[in-house]
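A quick write-up on the structure given underneath.
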Amino acid sequence: MAVKKRTILITGASSGVGAALAEEFSGSNHRLVLLARNEKRLGAVADTCRSAGSEVVVRMLDVCDAEAVEACVAKLEQKFPVDMAIANAGIMESVDEPRTLEPVGMTMRQMHTNYGGAVNVAVAVASRMRTRRNGQIVLVASQAGLQPVADLPGYSASKAATISYGEALGNFLKPDGVVVTVVSPGFITTPMLDGYENFRPFEMSARDAARRIRKAAESRRRYVEFPFLLALVARLGRLLPAALRYYATRPFNFVK
Ligand SMILES: NC(=O)c1ccc[n+]([C@@H]2O[C@H](COP(=O)([O-])OP(=O)(O)OC[C@H]3O[C@@H](n4cnc5c(N)ncnc54)[C@H](OP(=O)(O)O)[C@@H]3O)[C@@H](O)[C@H]2O)c1
């Protein structure tokens, strides 16, 4: 008897963690829907997944465009209802010049992509999952959302918003049988960190991160934070008064 394939949608699948997630979920039991803007890089990831036995659907999509995300999910769902959606697409920008404030446009771009993009994807799939009373949404946030980083204010804020949104959405969808998993990783070696020279403790590979995300998602966990020690520092830091927290988390407050 043929096993029913699970459809797994991954945004930001053309690079880094998204590409590693696509490979991690590859196999004959999964149909992968890979989304990003760069056709060439996405095509290369899709080819790798197909050689590992996956059925792969590829779509060029800007997650900031809410209407395009809704239209993409609506069309896809006519054939392949989404079992799991991983909102992973993101950008991280920082200012190179010493002691220069992050411009408003840079902050807002990160909010629109990281937080706005995650919301666009989550809402598009959640409305359909609720009707089916089944499904899982995974939001890839960051530990920068737990412990803000001084030279990444827009990025940190976008991830804090994603964590809060994910928790609220998870509580809202619980009676509908839809699980929301909020993932807060630490530093991962991907193109996103190219040129970012600040403190990067416990950095891990994209493959390792993807493995942990898959494990947490398959256990239908509500939250996962890794690596453990970095998450512990962030969590303990939140218990301190702000003035003390500044000193206790000093390496993250370093600015050029
Ligand atoms: N690397 C880290 O240290 C780290 C740590 C914690 C959390 N994270 C989070 O992990 C996620 C993946 O990051 P990464 O490290 O893998 O970075 P990456 O290698 O730069 O990949 C980012 C991905 O997001 C896609 N993307 C960016 N803007 C998009 C848009 N508007 N619409 C659609 N896709 C878009 C990119 O594809 P296209 O350019 O082809 O569109 C690319 O596939 C992000 O949410 C990031 O914040 C990363």
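Worth knowing before you read on, the calculation uses all heavy atoms, side chains too, and leaves out hydrogens, waters and symmetry mates. Indexing begins at 1, ligand by ligand and atom by atom, following the structure's order.
Of all the heavy atoms of Met92, none lies under 4.0 Å from any atom of ligand 1, so neither backbone nor side chain is involved. With a 4.0 Å cut-off on non-hydrogen atoms, Ala19 does not touch ligand 1 at all. Under 4.0 Å from ligand 1, heavy atoms of Asn38 appear from its side chain as well as its backbone. In Val17, the parts holding a heavy atom less than 4.0 Å from any atom of ligand 1 are both the side chain and the backbone. With a 4.0 Å cut-off on non-hydrogen atoms, Leu193 touches ligand 1 through its side chain and not its backbone. With a 4.0 Å heavy-atom cut-off, ligand 1 is reached by the side chain of Arg41 but not by its N, CA, C or O.
Of all atoms in ligand 1, listed by their number and element, those nearer than 4.0 Å to a heavy atom of Ser142 are 6 (C), 7 (C). Residue-ligand proximity, Leu61 to ligand 1, at heavy-atom distances under 4.0 Å covers atoms 32 (N), 33 (C).
A heavy-atom separation below 4.0 Å is found between Ile91 and ligand 1.
Summarising the local packing, CZ of Arg212 is surrounded by more than 12 heavy atoms from other residues, nucleotides or ligands at distances under 6.0 Å.
The side-chain contact (heavy atoms from CB on, under 4.5 Å) with Asp83 is formed by just one residue from the set Arg132, His30, Lys4; it is Lys4.
Residues Ser158 and Gln110 bring no donor and acceptor atom of their side chains to less than 3.5 Å of each other.
The backbone N or O of Val82 sits nowhere less than 3.5 Å from a side-chain atom of Arg128 that would complete a donor-acceptor pair.
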